[in-house]
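These figures come from a predicted structure and were not determined experimentally. Note: hydrogens, waters and symmetry copies are ignored here, and every other heavy atom, side chains too, is used.
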Amino acid sequence: MKKEQLLAMTDDELLVEKLKLKKSKIFNATLIGFLAGIVIFGFAGWISSEKNALGFLIPMFFPIFFMYRLIKNSKKNKPLEDILKERNLN
């Protein structure tokens with residue numbers, strides 16, 4: 001959401017958005033941990049087998065890309081966090 005839309009919201013609406021944000025953060029952290037586990041497991045499997053760089057990089061590209069996207073999207077919630085701090089709704 002844009003900062004102007006968030007400023008127009010009431011405190012009750014912001015608290016609802018805060019709950020959504022909290023659930024989203026928990027889900028994203030769980031998914032990032034799962035994807036990091038896939039990368040670590042894949043790396044360990046690659047170390048124990050013959051070392052073919054292409055065989056490691058292609059399958060590991062997808063979890064790394066999705067982790068990057070999740071981390072990048074989490075920065076979009078910064079305006080909501082700022083407004084919650086301004087209104088002391090932490």
Are the side chains of L6 and D82 in touch, meaning some heavy atoms are under 4.5 Å apart?
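No, too far: nothing below the 4.5 Å cut-off.
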Output every pair passing salt bridge (Lys or Arg N to Asp or Glu O under 4.0 Å) with a member in residues 5-19, not counting sequence neighbours, ordered by first then second residue.
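Checked against salt bridge (Lys or Arg N to Asp or Glu O under 4.0 Å) - neighbours excluded - the pairs reaching residues 5-19 are D11-R87, E17-K20.
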Mind checking the CG-CG spacing from L21 to L14? Nearest 0.5 Å is all I need.
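Separation between the atoms: 11.0 Å.
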So how far is it from L15 CG to L89 CG, rounded to the nearest 0.5 Å?
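Those atoms lie 5.0 Å apart.
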Using the rule that Ile, Leu, Val, Met, Phe, Trp and Tyr join whenever any side-chain heavy atoms are under 4.5 Å apart, tell me whether I64 and F66 fall into a single cluster.
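Shared cluster, yes.
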Are F34 and M60 co-members of a hydrophobic cluster defined by side-chain heavy atoms under 4.5 Å apart?
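Yes: a chain of side-chain contacts under 4.5 Å links M60 to F34.
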For [X], all residues meeting side-chain contact (heavy atoms from CB on, under 4.5 Å), sequence neighbours excluded:
X   : answer
F65 : F61, R69
L31 : F27, L35, L70
E4  : K2
F43 : W46, I47, F56

Restricting to pairs with a member in residues 24-35, which pass side chain to side chain donor-acceptor pair (under 3.5 Å), not counting sequence neighbours?
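Residue pairs passing side chain to side chain donor-acceptor pair (under 3.5 Å), neighbours aside: K25-E81.
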